[in-house]
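Below you'll find the structure, written out as structure tokens, and then a few comments.
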Number of protein chains: 2
Amino acid sequence: MTAIRVTVDIVLLTIRDGHLNALLIKRMAKPFENRYALPGGFVLEQESLDDAAIRELREEAGVDRVYLEQLYTFGDPERDPRGRVITVAYYALVPHTQTPRAGTDASDAAWFPATDLPPLAFDHREIVEYAHTRLRNKLDYTNVGFGLLPEKFTLTELQLVHEAILGQRLDKRNFRRKIIQKGIVKPIKEWRRTGRKPAQLYRFGR
Amino acid sequence: MTAIRVTVDIVLLTIRDGHLNALLIKRMAKPFENRYALPGGFVLEQESLDDAAIRELREEAGVDRVYLEQLYTFGDPERDPRGRVITVAYYALVPHTQTPRAGTDASDAAWFPATDLPPLAFDHREIVEYAHTRLRNKLDYTNVGFGLLPEKFTLTELQLVHEAILGQRLDKRNFRRKIIQKGIVKPIKEWRRTGRKPAQLYRFGR
DNA sequence: TCAAAAGTGTTGAAGATACACCCATGG
DNA sequence: CCATGGGTGTATCTTCAACACTTTTGA
């Protein structure tokens, strides 16, 4: 019972060109050498699980201030060929504007569409799917979508985030009404003029 | 990093006389000697987390076929004075009809109202509150309430379960309409005649 | 015949959905 | 002046909340 080791793995998600993407890192070491895997690693003796996840995100994905939430703990005795390793899975959200560069100790980090993943190491595919489901479910009774946007954003950008996560188009008028009625965004006196008609910027409020 | 030990702890819930109750066990050993704690214990090297929870429920609470769901993993480095122990928390539901007896290796098991707990060992109070919150949230978008009822039940009994979990009275007509429209219960051709007007029995369907 | 729990419908409010056109700007 | 994405309102339907009386039985 003392021979169990504990890792954290993090599903880092962002929106890239209208699709939900997850960051994966190509493994250098065995097992699953050259396979893609989630950023993550062993929990240190003196750090909390959340701190371990934050540390791994910084070390392996080069990202710092993200929305982070514990997902589920995967503990099948056969899930890791090296022995008994349970993993506490997290998911994290970053705006794609602060593009995470590949970290230092990871050979190769890359974004993949959450619905079109390469073969993954361990049970990591299941973990990504779990994260996607959780995010979809939380989308409309929480403000979780804001983790995927920069501080200032247009309502169209927010709608694209929702569409990417839900995998379906939404009606512009209904979407805007719902968001505004919830009172969780407030318009600021700035406009993004990106060639076309300028779009009003909003901020996540309170 | 290998010195982390892993336990499971289970919040076993039932409805007793209209209130949500949790099963607690008085600890014999240090630390927290004589304090109440959740049933649980160390995960064995060859068992999954779910299996560990099922085993502990059988050993410590004497219950067998229950609804069981993983809750959250608590991993604060200071949460256990004996050293680094993380716990994967579960919650489980039993109908109060199959009253669990106190198990064998537990000195003293007893039911306590979930809203009026004695002082608990470790961070177990937080875990019970987390379980209560989860159950409340899942109540109306899942069928989770059925775990607390025997196979055959009346709609009034089902309503009492919901009221106990939510902590508020519900309108009988609205409740029955909603449940029946969901199509998750089906009436059977049996009536419970308990002194008053006989009540139709239902079964959880499909 | 009384006490106790079972059972049953309607109305109004709020929220969700469907749907189409005009506007401001840069090129 | 045209192409592009920004922005707006209404009608309908569905869902939820409030609300009170009749029925069946055992004592």
Side-chain angles (χ1 to χ4, degrees), chain A residues 15 17-19 96-97 136-143 145 149-150 152-203 205, chain B residues 15 17-19 96-97 136-143 145 149-150 152-203 205:
Chain A
I15 308 285
D17 43 76
H19 294 277
H96 186 242
T97 47
R136 215 170 8 231
N137 290 336
K138 287 202 86 160
L139 192 58
D140 66 82
Y141 66 93
T142 67
N143 302 333
L149 288 170
K152 302 169 182 180
F153 51 87
T154 67
L155 291 186
T156 298
E157 287 165 347
L158 181 58
Q159 183 176 345
L160 286 171
V161 166
H162 281 241
E163 289 176 342
I165 293 169
L166 298 174
Q168 64 181 7
R169 307 290 332 265
L170 301 172
D171 180 88
K172 199 191 335 183
R173 286 161 294 185
N174 294 338
F175 178 79
R176 292 162 102 94
R177 184 181 23 254
K178 197 165 72 176
I179 291 294
I180 286 165
Q181 275 180 192
K182 278 197 200 166
I184 53 187
V185 296
K186 21 183 207 212
I188 60 180
K189 293 203 186 66
E190 287 182 54
W191 281 261
R192 170 168 304 157
R193 35 193 208 307
T194 169
R196 307 296 161 203
K197 178 176 180 178
Q200 182 151 31
L201 292 173
Y202 288 74
R203 210 190 283 276
Chain B
I15 307 286
D17 42 76
H19 294 277
H96 187 241
T97 47
R136 218 172 5 232
N137 290 336
K138 286 201 88 162
L139 193 58
D140 65 84
Y141 66 93
T142 68
N143 302 334
L149 287 170
K152 303 168 181 181
F153 51 87
T154 67
L155 291 187
T156 299
E157 288 165 347
L158 180 58
Q159 183 175 346
L160 285 171
V161 166
H162 282 240
E163 289 176 342
I165 293 169
L166 298 175
Q168 63 180 7
R169 306 291 330 266
L170 300 172
D171 179 86
K172 196 188 342 180
R173 287 161 293 184
N174 293 340
F175 178 79
R176 292 163 103 93
R177 183 180 25 253
K178 197 165 71 176
I179 291 293
I180 287 164
Q181 275 180 194
K182 277 198 203 167
I184 52 187
V185 296
K186 20 184 209 211
I188 60 180
K189 294 203 185 62
E190 288 182 54
W191 279 261
R192 171 167 305 157
R193 36 191 207 306
T194 170
R196 305 299 160 200
K197 176 176 180 178
Q200 182 152 32
L201 292 174
Y202 287 75
R203 209 191 283 276

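In this text, all values refer to a predicted model and were calculated from it rather than measured experimentally. Letters A, B, ... are given to chains in the order of the sequence lines, protein chains preceding strands, and every chain is numbered from 1.
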Report task. Tell me whether the OP1 or OP2 atom of C:dA6 has a side-chain N or O from B:T156 closer than 4.0 Å. Result -> yes

Report task. Using a 4.0 Å heavy-atom cut-off across all strands, classify B:Q200 as base, sugar-phosphate, or nothing. Result -> sugar-phosphate

Query raised in the report: Got a donor-acceptor contact below 3.5 angstrom from the A:E163 side chain to the A:G18 backbone?
Result: no

Query raised in the report: Rounding to a whole Å, what distance do you find between A:Q181:CD and C:dA14:C1'?
Result: 10 Å

Query raised in the report: Atom CG of A:N174 to atom C1' of D:dG7: distance rounded to whole Å?
Result: 14 Å

Report task. Just compare C:dT25, D:dC19, C:dA20 and give me whichever is closest to any side-chain atom of A:P198. Result -> C:dT25

Query - Rounded distance in Å - CD (A:E157) to C1' (D:dG7) - result: 15 Å

Report task. State, with a plain yes or no, whether a side-chain heavy atom of B:L170 is found less than 4.5 Å away from one of B:N174. Result -> no

Report summary line: A:R176 has its side chain closest, among D:dA3, D:dG7, C:dA6, to D:dG7

Query raised in the report: Less than 4.5 Å apart, any side-chain heavy atom of B:R192 and any of B:E157?
Result: yes

Query raised in the report: To the nearest Å, how far apart are B:R173 CZ and D:dT22 P?
Result: 13 Å

**Report entry** A:A199 side-chain proximity, nearest of D:dG7, D:dT24, D:dA18
**Finding:** D:dG7

Query raised in the report: Rounded to whole angstroms, how far apart are CG on B:L155 and C1' on C:dA5?
Result: 13 Å

Query raised in the report: Does the base of D:dG7 carry an N or O that pairs as donor and acceptor with the side chain of A:K197 under 3.5 Å?
Result: no

Query raised in the report: Between D:dG7 atom P and A:F175 atom CZ, what is the distance in whole Å?
Result: 13 Å

**Report entry** Of the listed nucleotides D:dT8, D:dT4, D:dA18, the one nearest the side chain of A:R196
**Finding:** D:dT4

Query raised in the report: What orientation do B:H162 and B:F175 show, parallel under 30°, tilted 30 to 60°, or perpendicular over 60°?
Result: perpendicular

Report task. Quickly work out the A:Y141 OH to C:dA16 C1' distance and round it to whole Å. Result -> 20 Å

**Report entry** Option passing side chain to side chain contact (heavy atoms under 4.5 Å, CB included) with A:T154 (candidates A:T194, A:L201, A:L160)
**Finding:** A:L201

**Report entry** Options D:dA3, C:dA16, D:dT10, nucleotide nearest the side-chain atoms of A:R177
**Finding:** D:dT10

Report task. Let me know the distance between CD1 of A:I180 and P of C:dG15, rounded to the nearest Å. Result -> 16 Å

Requested in this report: Tell me what B:K172 touches on the nucleic acid: a base, only sugar-phosphate, or nothing, going by heavy atoms under 4.0 Å.
Outcome: base

